[in-house]
There are 2 protein chains.
Amino acid sequence: MHRGQRRRRVTIKDVAAAAGVSYQTVSKVLNGQGSVAPETAQRIWEAARRLGYRPNVTARSLRKRATHLIGYSWYPISPDQTNPILDKFLSSAVRAAEEAGYHILLFPTEPDQDPADSYGRLVETNRVDGFILSTTNYDDPRIRYLLDAEVPFVAFGRSGPDLRFPYVDVDGRAGLRAAVHHLVEQGHRRIAFLGWPPSSRQGSARRNGYLEAMAQAGLPVDPEWIRVGEHRVTDGRRLTQELLALPQGRRPTAVAAVSDLLAIGAMQAARDAGLRLGAEFGVTGFDDTPGIQHLMPPLTSVRQPVWEAGQRIVEMLIALLRGETPEEREVLLEPRLIVRASSVKPGES
Amino acid sequence: MHRGQRRRRVTIKDVAAAAGVSYQTVSKVLNGQGSVAPETAQRIWEAARRLGYRPNVTARSLRKRATHLIGYSWYPISPDQTNPILDKFLSSAVRAAEEAGYHILLFPTEPDQDPADSYGRLVETNRVDGFILSTTNYDDPRIRYLLDAEVPFVAFGRSGPDLRFPYVDVDGRAGLRAAVHHLVEQGHRRIAFLGWPPSSRQGSARRNGYLEAMAQAGLPVDPEWIRVGEHRVTDGRRLTQELLALPQGRRPTAVAAVSDLLAIGAMQAARDAGLRLGAEFGVTGFDDTPGIQHLMPPLTSVRQPVWEAGQRIVEMLIALLRGETPEEREVLLEPRLIVRASSVKPGES
DNA sequence: AGAGGCGGGGCGAACGTTCGCCCGAACGTT
DNA sequence: AACGTTCGGGCGAACGTTCGCCCCGCCTCT
């Protein structure tokens, strides 16, 4: 309350003096430990309130050997793009963390950096208690390091089957299944897939979803329909041009892409070929990047439950830090297909 | 180097024992203070390296009364949008901070929250040494509080003229001047302005830029051409429809918008009215939001030097924290117009 | 009446640093 | 020979908590 005194901050000892007890007793009361007479406790609380006492988190950290800080690093991506989910993910995680008395510390990583350097440093100097990892992939060196060093962490995304660790991930397979399902319902029979190279863990999950949905619908898959490129518009465009160059009977009438950027490229290629999007050529993307609803036509896409992911990850990590074992160590969240005009034939509702 | 011992971390005392000196001497050597014989220093450095000593930042913080942590809060925005610059800004700030041995702590704020609560708490509990503020506006309560409490901070954005504080801002006035300039060069004479309500500090700077450029070009400004709305596509669309409903001679042939979302709305309205974008109706936006280069046609926009802003802000804040006075306390950065097809008449180069 | 139990609270120590003071030896000066 | 300076390094204390132990007095039970 009092904003008067600038310099010297009020400590537990000031409170003790004001309440006429030893400072250790104040600590007990404020932390609700030990047995203290109700009237004494009352006096102490009141003194603390009156003096505007705030515990010094640094001293507490030193004593308890826990900083209540969680490290989060992400790979900043190329300058012409935005991370579509960073904002929401961070908001979610930060909020969940705060509710448990934790805060989130950002730190920079270059993808090709030795994790022992950046992650190790941070934990060895007692900067953070644990980590949130994102953008995981097969054989992620960070995962190996953290497991090896026994540092608590939770990942946003899975890795290879040989590594067991707590994670939350979005079921990309189900997402692509839903997209293909929807295209089939729209009457498409020849549906192509724009994917990422096989080295991408997410890419192969989504690819499996595509294959499953096609099989489920009893539709054959021409090997030519499965094409891979980088996460770039130009690649989506090029790959789709190749698809449209296939002979009449093998030429797909729709594509399901693993990312919105690829899907945007597909839309461009289809338009260039004189096809009416939606009516003659269906396109779906992935991520529901903000802005794609303003494309012409608006792009159908798979939206990840980013908010929930942030919440769950933080909850799991904090449970870990408290020494509890979370009920689930491996969580898979369902994404949701957002249908827009790029994949809908005008005739049908 | 040794990843062997898990539990007990190596402290300064271990190093001292290994080097055969008192632990305070180790501290002196590692911090380069006091005078120590070269051979002894050598011995100490070597022991530290061999044992893999890492200073405990918590203990150091406690003693030095400085956490080397910087707080950053931002207002998470509505779910259907992405903050176009958060990713890059954070990368930049985090990197600059790390170079100086600082880290960045995220914390959540609701816009209508009492700053004394969130900001005050963080600094009173010694969580952070200072703050970075973003999305400032006139009469920002956070600024008042931080000035009042004498907490070091640097803002990304200005406020009213009555508050003096260190900031870095992008010159929105110059940005709009450039946009209007460009439209004039494209042959437009009747140019409208899509703005934000007058309560927005950024909005009025950009509005001034529009007015200045029009005056400079010797063009009259019809009051009907200045329209305000919220940061939404639908508003941009509605406002532009109103503009296009003006009688022949007063109807603008181009609009300069204060944000990409408004500009996208303007593009939609123009297209709905049967106008060919670029050729018959010019549109410019602001922010260079990722993705707008994929619109049809790609949208001309004003790009902010976000990376540089992050760097400068952190540098200033750290200077402040070190007790130095930064050379400049008020920095204005030039934005850059990125010209795309939405504002260019096909005939001209 | 003495033993045992329990509620209430004090006290020393520790967490891992940094800071400032002091002391002894070596050296050079008057 | 006595004195002042400088260098090298030790030592106590402090930063603000929390933890565990101990002690005291009162109540209760045998």
Side-chain angles (χ1 to χ4, degrees), chain A residues 5 7-45 47-48 51-69 101 123-129 322, chain B residues 5 7-45 47-48 51-69 101 123-129 322:
Chain A
Q5 65 281 21
R7 290 300 125 218
R8 201 165 123 39
R9 212 144 266 158
V10 28
T11 79
I12 211 176
K13 299 195 181 177
D14 301 322
V15 177
V21 292
S22 78
Y23 66 91
Q24 295 95 330
T25 303
V26 174
S27 171
K28 275 183 196 156
V29 168
L30 299 184
N31 292 299
Q33 297 170 344
S35 56
V36 178
E39 313 88 59
T40 323
Q42 184 65 22
R43 261 200 348 269
I44 290 175
W45 278 113
L51 298 179
Y53 169 73
R54 301 260 188 245
N56 180 321
V57 292
T58 307
R60 200 199 293 253
S61 295
L62 179 58
R63 181 66 235 233
K64 305 196 82 162
R65 292 143 164 273
T67 60
H68 284 212
L69 248 35
V123 71
E124 283 171 12
T125 59
N126 279 287
R127 253 296 187 225
V128 302
D129 294 344
R322 291 194 172 135
Chain B
Q5 65 282 22
R7 289 302 124 218
R8 199 165 125 38
R9 210 143 267 159
V10 28
T11 78
I12 210 176
K13 299 194 182 178
D14 301 322
V15 177
V21 292
S22 77
Y23 65 92
Q24 294 96 331
T25 303
V26 174
S27 171
K28 275 182 195 157
V29 168
L30 299 184
N31 293 298
Q33 297 169 346
S35 54
V36 177
E39 313 88 60
T40 325
Q42 186 64 21
R43 264 204 341 272
I44 291 176
W45 278 112
L51 298 179
Y53 168 74
R54 300 261 188 244
N56 180 319
V57 291
T58 308
R60 198 199 292 252
S61 295
L62 179 60
R63 180 67 234 230
K64 304 197 81 160
R65 294 143 164 273
T67 60
H68 284 212
L69 249 35
V123 71
E124 284 170 12
T125 60
N126 279 288
R127 254 294 187 224
V128 301
D129 293 343
R322 291 195 171 136

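Excluded from the calculations below are hydrogen atoms, water molecules and symmetry mates; all remaining heavy atoms, backbone and side chain alike, are included. To find a chain, count down the sequence lines: A is the first, B the second, and so on, and within it residues start at 1.
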>> Going 5' to 3' along DNA chain D, which are the first and last nucleotides with any atom under 4.0 Å from a heavy atom of chain A?
In response: D/dG16 to D/dG20
> With side chains defined as the heavy atoms from C-beta onward, is the minimum distance between B/T11 and B/N56 less than 4.5 Å?
Replying inline: no
>> Could you check whether any side-chain heavy atom of B/R54 comes within less than 4.5 Å of a side-chain heavy atom of A/R127, counting everything from C-beta outward?
In response: no
> So what does B/S61 touch, heavy atoms closer than 4.0 Å: a base, only the sugar-phosphate, or nothing?
Replying inline: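 The answer is nothing, as B/S61 stays clear of every strand by at least 4.0 Å.
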> Within the structure shown, what part of the strands sits under 4.0 Å from B/T40 by heavy-atom distance: base, sugar-phosphate, or nothing?
Replying inline: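 Contact class for B/T40: sugar-phosphate only.
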> How close do A/T67 and A/S61 get, heavy atom to heavy atom, and via which atoms?
Replying inline: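 Looking at all heavy atoms of both residues, the shortest contact is CA-OG, 3.6 Å.
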> For the pair made of CD in B/Q24 and C1' in C/dC23, what is the distance, rounded to whole Å?
Replying inline: 15 Å
> Partners of B/A37 by side-chain contact (heavy atoms from CB on, under 4.5 Å), sequence neighbours excluded?
Replying inline: B/E39, B/T40
>> If you assign each of A/K64 and B/A41 to its closest nucleotide in DNA chain D, which residue comes earlier from the 5' end?
In response: B/A41
> Which dot-bracket string describes DNA chain C (Watson-Crick N1-N3 plus N6-O4 or O6-N4, or G-U N1-O2 and O6-N3, all under 3.5 Å; [ ] crossing; | other strand)?
Replying inline: ||||||||||||||||||||||||||||||
> Under the salt bridge (Lys or Arg N to Asp or Glu O under 4.0 Å) test, which residues partner B/D129, sequence neighbours left out?
Replying inline: none
>> For B/S27, give me all partners under side-chain hydrogen bond (donor to acceptor under 3.5 Å, both in side chains), at least two apart in sequence or on another chain.
In response: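 For B/S27, the residues satisfying side-chain hydrogen bond (donor to acceptor under 3.5 Å, both in side chains) (neighbours in sequence not counted) are B/N31.
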>> Counting only heavy atoms and a strict 4.0 angstrom limit, can you tell me which residues of residues 26-34 of chain A come near DNA chain D?
In response: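 Nucleic-acid contacts, sorted: A/S27, A/K28, A/N31, A/Q33.
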> Between C/dG10 and A/S22, is there an OP1 or OP2 to side-chain N/O distance shorter than 4.0 Å?
Replying inline: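 Yes, A/S22 has a side-chain N/O under 4.0 Å of OP1/OP2 on C/dG10.
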